[in-house]
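Below is one structure, written out as structure tokens; comments come after it.
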2 protein chains.
Amino acid sequence: MSDERPDPGTVRPGGRTAKVREAVLRAAGDALAEDGFDRLDLAEIARRAGVGKTTVYRRWGTVPGLVADLLTEMAEESVSRTETGSLLGDLTAQARLVQSTLSDSRQGPLFKALITAAACDPQTAEALQRFYRIRTEEWAPCVTAAIDRGEVPEGTDPTEVVRAVSAPLYYRLLIAGDPIDQPMADRTAKAAATAARGGAFTR
Amino acid sequence: MSDERPDPGTVRPGGRTAKVREAVLRAAGDALAEDGFDRLDLAEIARRAGVGKTTVYRRWGTVPGLVADLLTEMAEESVSRTETGSLLGDLTAQARLVQSTLSDSRQGPLFKALITAAACDPQTAEALQRFYRIRTEEWAPCVTAAIDRGEVPEGTDPTEVVRAVSAPLYYRLLIAGDPIDQPMADRTAKAAATAARGGAFTR
DNA sequence: TCATTAACGCAACTGGAGTCCCGTTATGAG
DNA sequence: CTCATAACGGGACTCCAGTTGCGTTAATGA
């Protein structure tokens, strides 16, 4: 098999190709947020993006493939992190950021759809894990700083602490279904900080 | 509209109808666990259940409709709860039960698929919320008991504590993707207990 | 600027999920 | 037991998501 050809869009990625990709990913995000993962139709996305449906099918093939590419794109744009000087302050800032994202009328449904897509397709799951690994690594230093200050015990796993802040918010989004407000986010941060100080996240 | 007819299966629910429902729900569970939500085909389920596909389409109509019915069935079967006498003990028992369920080769994928289905359909979401509300209410008394013992402060929300135990495990199942083992479950229980004792879940 | 060909877009085509029709089975009331 | 009809099953049919073929546009390198 010496005549293997590269993926479409990789040989001439400039100009039109880039514009098409941008338009399609934008349209895919909109459609995901509005209609959800299962009602997604690649032809509809093509129409929204002002692009031939053949192009979408040829370059991304399936819905999970397209979502995986969208996640890769999203992983690239980083969020700036605040540094308050205390673990509770930092975790509260993190919780509030997640809260405002998940309760946003576009981002909330979008993230729900992204997680849904990841649950259905290994390739998308990998992209989602990469996305959250990057986010987690961005927030981990505030736990490391707390260790250095002696606020939490040596051997505390920063990843676990950061996840403990987000997890209950995602639980509400995906399972419980009730609203994700700021008091809730603050309580989550407080719980994680308390548990961390008590040494619950040591290996 | 005086000629509105009842849902199929409600007028003559005995004998054959009940057998069909049982077989179809069983097949649906198997298919969900094996193939996941998005690859579900009602005709395939009918074949597995040894039932005409027309029957499945007529009684349940859509995939989410069938999943919602499966969840209603699952909500009925209750799990017995252990009482250890300490909050940490009770929460650890709860965490280990969730852990063993989510890491089971059939139940894990099944729950992932159920949550996925709920994210795509309001009717299924309601059924899922009912299912977890029942489970939460079953576990809440162990927090109430801890309040009575003076182990955690007055005003602690039992629901929040119980959710805090499960949430990180579901986070792993749906987002992080890494294995859900018993040490992990124990850490989660310890974190929830520590946070509860520290008054993080008071309203 | 020009040639090469990657990438796009249109329109016709295909396969299979979901629907419909109608004959058969068997439930439950009298 | 008998009857009316709820519920089931097989198979034909429909409709549209996804594919294919081919002509057109434009990215890239010389």
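The analysis underlying the following values was restricted to heavy atoms, covering all of them including side chains, and did not include hydrogens, waters or symmetry mates. All chains are named by letter (A, B, ...) in the order of the sequence lines, taking the proteins before the strands, and each is independently numbered beginning at 1.
- For W60(A) and dA7(C), the CH2 to P distance is 12 Å, given to the nearest whole Å.
- Using a 4.0 Å cut-off between charged nitrogen and carboxylate oxygen, R48(B) and E44(B) count as a salt-bridge pair.
- Computed from coordinates, the E44(A) CD to dC16(D) C1' distance equals 14 Å when rounded to whole Å.
- A salt bridge is absent between D186(A) and K190(A): the closest approach of a Lys/Arg side-chain nitrogen to an acidic carboxylate oxygen does not fall below 4.0 angstrom.
- In this structure, Y170(A) and Y132(A) have perpendicular ring planes: the angle between them is above 60°, well past the 30° mark.
- Rounded to whole Å, atom P of dG18(D) lies 12 Å from atom CG of L66(A).
- If you measure from atom CZ of R47(A) to atom C1' of dA17(D), you get 15 Å, rounded to the nearest angstrom.
- Separation of atoms CG (L70(A)) and CG (L114(A)) is listed at 6.0 Å; rounding is to 0.5 Å.
- Note: CD1 (I45(A)) to P (dC16(D)) measures 18 Å, nearest angstrom.
- For dG9(D), one of the phosphate oxygens OP1 or OP2 lies less than 4.0 angstrom from a side-chain nitrogen or oxygen of T55(B).
- Distance alone, capped at 3.5 Å, is enough to place a donor-acceptor pair between the T124(B) side chain and the P64(B) backbone.
- The CD atom of E34(A) sits 6.0 Å away from the CG atom of D30(A) when rounded to the nearest 0.5 Å.
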Open item on the list: Base contacts versus sugar-phosphate-only contacts with protein, heavy atoms under 4.0 Å: please encode nucleotides 18-30 of chain C as B, S and - from 5' to 3'.
Closed with: BBBB---BBBS--
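- Per the geometry, CG belonging to D7(A) stands 10 Å off P belonging to dA7(C), to the nearest Å.
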